Undergrad: 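Have a look at this one.
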Number of protein chains: 2
Amino acid sequence: MAFRSEILIKLDKKGRVLLPAAFRDELPADDRGAFVLYHSPNLAGVVNGNSRAGFDAMLDRLRAEALGPKGALKVALDDEAFDPAGYLSASARTIAMEPDGRFSLPAEFASVLDVTDGVMLVGKGDKFQLWNPGRWQARRDSDRDKMAAFVRGLGAGDA
Amino acid sequence: MAFRSEILIKLDKKGRVLLPAAFRDELPADDRGAFVLYHSPNLAGVVNGNSRAGFDAMLDRLRAEALGPKGALKVALDDEAFDPAGYLSASARTIAMEPDGRFSLPAEFASVLDVTDGVMLVGKGDKFQLWNPGRWQARRDSDRDKMAAFVRGLGAGDA
DNA sequence: GAAATTCCCATGGTATCCCATAGCATCCCG
DNA sequence: CGGGATGCTATGGGATACCATGGGAATTTC
């Protein structure tokens with residue numbers, strides 16, 4: 001289960017978006033009809049997506065590693081303390097797909113993405129992202145330079 | 001598992017390419033039906049390939065070395081920071097083969113390779129590469145000289 | 001009832017399945 | 001040891017299935 005590739009998908013007049021077959025195939029076999037969209041916790045204008053199981057697994061890791069072994073119990077009782085996993089849950093929505101893999105993009109996501117006729121779907125391995133196509137282009141260009149620098153840095157550190 | 005040799009393969013009118021038997025045999029026995037293609041991170045016009053397991057192993061090593069022990073959690077949440085493994089995932093595609101070992105080369109790869117009727121498959125040990133045959137010829141010639149110089153350098157350092 | 005949502009059918013393009021063949025390499029068996 | 005016989009590899013091509021998309025009709029929502 002690893003989301004790869006970047007795919008430009010049409011947003012039609014009815015506000016529908018297709019989750020590409022390449023991504024649908026990465027959803028768990030027993031839960032192909034729905035997935036989760038949630039706002040990026042620290043990058044405005046980006047929406048993250050994952051399978052329900054993948055999203056839940058991330059929350060579990062978050063609670064375990066951020067809060068320690070007693071985290072789960074504490075979170076269940078302590079409403080005063082900040083709970084990052086709870087924060088993400090509130091920003092997330094379960095999205096049901098039609099049998100053909102399409103779904104209607106909730107307006108809250110469409111507006112932060114600022115998309116009107118196309119959405120860029122980007123695989124990030126253990127999750128995927130929705131981007132405004134133009135913004136993704138810019139991000140991608142800047143990442144390309146960072147990647148080249150990163151590779152150069154590996155060589156230097158080695159020697 | 002080591003990819004060796006250089007093989008020129010036809011690109012037919014339907015855009016199909018054969019993964020040579022010599023390379024298919026190097027794929028893990030339990031995952032022979034598909035592999036991964038991804039753009040070279042720092043060499044334009046070159047496409048890399050590997051088994052799914054080989055690609056994933058590279059990403060794991062990458063994340064381990066690029067980030068600290070808390071890397072996994074940070075990467076899962078931080079969309080603003082540059083993530084080399086995520087960058088490679090976005091540039092990669094899982095390629096399913098027909099039972100006879102052929103696959104259709106996605107247009108994005110065919111265009112950066114600038115191939116029309118033939119692709120050079122080059123084994124690089126732990127991965128393989130796709131090249132435009134002419135460009136590979138040039139690269140190979142230049143590498144031959146570099147290799148000779150490298151071997152001479154070894155002798156000098158020894159003495 | 002008007003607007004939005006969901007279901008269903010339609011379509012062009014692409015990818016996949018399947019069958020076919022020529023050229024090698026290997027095997028087999030007396 | 002020879003000479004077929006077999007099998008696999010790389011390639012071609014027709015038929016079929018699937019993907020992404022559009023749009024009408026039915027259903028829901030307020």
Side-chain angles (χ1 to χ4, degrees), chain A residues 3-27 29 32-35 37 49 93-111 113 115-123 128-131 133 136, chain B residues 3-27 29 31-37 47 49 52 92-113 115-123 128-131 133 136:
Chain A
F3 300 101
R4 313 186 210 279
S5 87
E6 47 197 79
I7 306 174
L8 180 63
I9 292 290
K10 264 280 175 69
L11 176 71
D12 67 20
K13 292 132 203 149
K14 294 179 175 179
R16 292 178 299 184
V17 174
L18 175 83
L19 189 72
F23 288 2
R24 294 202 302 272
D25 292 344
E26 301 301 329
L27 296 176
R32 282 275 166 85
F35 60 97
L37 288 182
R93 288 192 56 175
T94 300
I95 307 287
M97 284 182 281
E98 302 174 34
D100 60 1
R102 279 194 293 195
F103 61 95
S104 50
L105 185 66
E108 54 176 312
F109 294 126
S111 72
L113 287 171
V115 290
T116 54
D117 66 318
V119 184
M120 187 62 81
L121 284 277
V122 181
F128 61 88
Q129 294 181 326
L130 313 200
W131 283 79
W136 169 246
Chain B
F3 302 100
R4 307 184 211 285
S5 84
E6 46 199 82
I7 307 173
L8 180 63
I9 292 289
K10 260 282 175 70
L11 176 71
D12 68 20
K13 291 135 204 143
K14 292 179 172 180
R16 291 180 299 184
V17 175
L18 176 82
L19 188 72
F23 288 3
R24 294 203 301 273
D25 292 345
E26 300 302 326
L27 296 176
D31 189 20
R32 282 276 165 85
F35 60 97
V36 175
L37 289 182
V47 174
R52 285 200 274 216
R93 286 195 56 174
T94 301
I95 308 286
M97 284 183 281
E98 303 175 34
D100 60 1
R102 278 193 294 193
F103 61 95
S104 51
L105 185 67
E108 49 175 313
F109 293 125
S111 73
V112 305
L113 287 171
V115 290
T116 53
D117 65 319
V119 184
M120 186 63 80
L121 283 280
V122 182
F128 60 88
Q129 294 181 325
L130 314 200
W131 282 80
W136 169 245

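Bear in mind the structure is a predicted one, so any value in this text is a computation, not a measurement. By convention in this document, chain letters (A, B, ...) are assigned in the order of the sequence lines, proteins followed by strands, and residues within each chain are numbered from 1.
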Undergrad: Who pairs with B/Asp25 by salt bridge (Lys or Arg N to Asp or Glu O under 4.0 Å), at least two apart in sequence or on another chain?
TA: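 Expected list: none.
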
Undergrad: Applying side-chain hydrogen bond (donor to acceptor under 3.5 Å, both in side chains), name anything that partners A/Glu6, two or more places apart in sequence or on another chain.
TA: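 A/Glu6: side-chain hydrogen bond (donor to acceptor under 3.5 Å, both in side chains) contacts with A/Trp136, A/Arg140.
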
Undergrad: What is the bend of the helix from C/dG1-D/dC30 to C/dG30-D/dC1 when you compare the axis at one end with the axis at the other, using five pairs each and rounding to 10°?
TA: 50°

Undergrad: To the nearest 0.5 Å, tell me how far A/Met120 CE sits from A/Leu113 CG.
TA: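 Going from the CE atom of A/Met120 to the CG atom of A/Leu113 covers 12.5 Å.
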
Undergrad: Would you mind writing out the side-chain donor-acceptor pairs for residues 7-16 of chain B within the sub-3.5 Å range, not counting sequence neighbours?
TA:
from    : atom 1 : to      : atom 2 : distance (Å)
B/Asp12 : OD1    : B/Lys14 : N      : 2.9
B/Asp12 : OD1    : B/Gly15 : N      : 3.1
B/Asp12 : OD1    : B/Arg16 : N      : 2.9
B/Asp12 : OD2    : B/Arg16 : NE     : 2.9
B/Asp12 : OD2    : B/Arg16 : NH2    : 3.2

Undergrad: Nearest 0.5 Å, what's the CG-CZ distance between A/Leu27 and A/Arg32?
TA: 6.5 Å

Undergrad: Can the ring centres of A/Phe23 and A/Phe35 be said to be less than 6.0 Å apart?
TA: no

Undergrad: Taking atom CE of B/Met97 and atom OG of B/Ser104, what is their separation to the nearest 0.5 Å?
TA: 12.0 Å

Undergrad: Using a heavy-atom cut-off of 4.0 Å to chain B, what are the terminal contacting nucleotides of DNA chain D, in 5' to 3' order?
TA: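 Terminal contacting nucleotides, 5' to 3': D/dT9 to D/dA15.
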
Undergrad: Let me have a per-nucleotide readout for nucleotides 12-19 of chain C, 5' to 3', with B, S or -, counting only protein heavy atoms under 4.0 Å.
TA: ---SBBB-

Undergrad: In Å, rounded to the nearest 0.5 Å, how long is the span from CG of B/Leu105 to CG of B/Leu37?
TA: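 Output value for this atom pair is 7.0 Å.
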
Undergrad: Between A/Arg4 and A/Glu26, is the salt bridge (Lys or Arg N to Asp or Glu O under 4.0 Å) condition met? List the steps.
TA: CA-CA 10 Å; A/Arg4 313 186 210 279; A/Glu26 301 301 329; over 6 Å; no

Undergrad: Can you tell me how far the CG atom of B/Asp100 sits from the CG atom of B/Leu18, to the nearest 0.5 Å?
TA: 7.0 Å

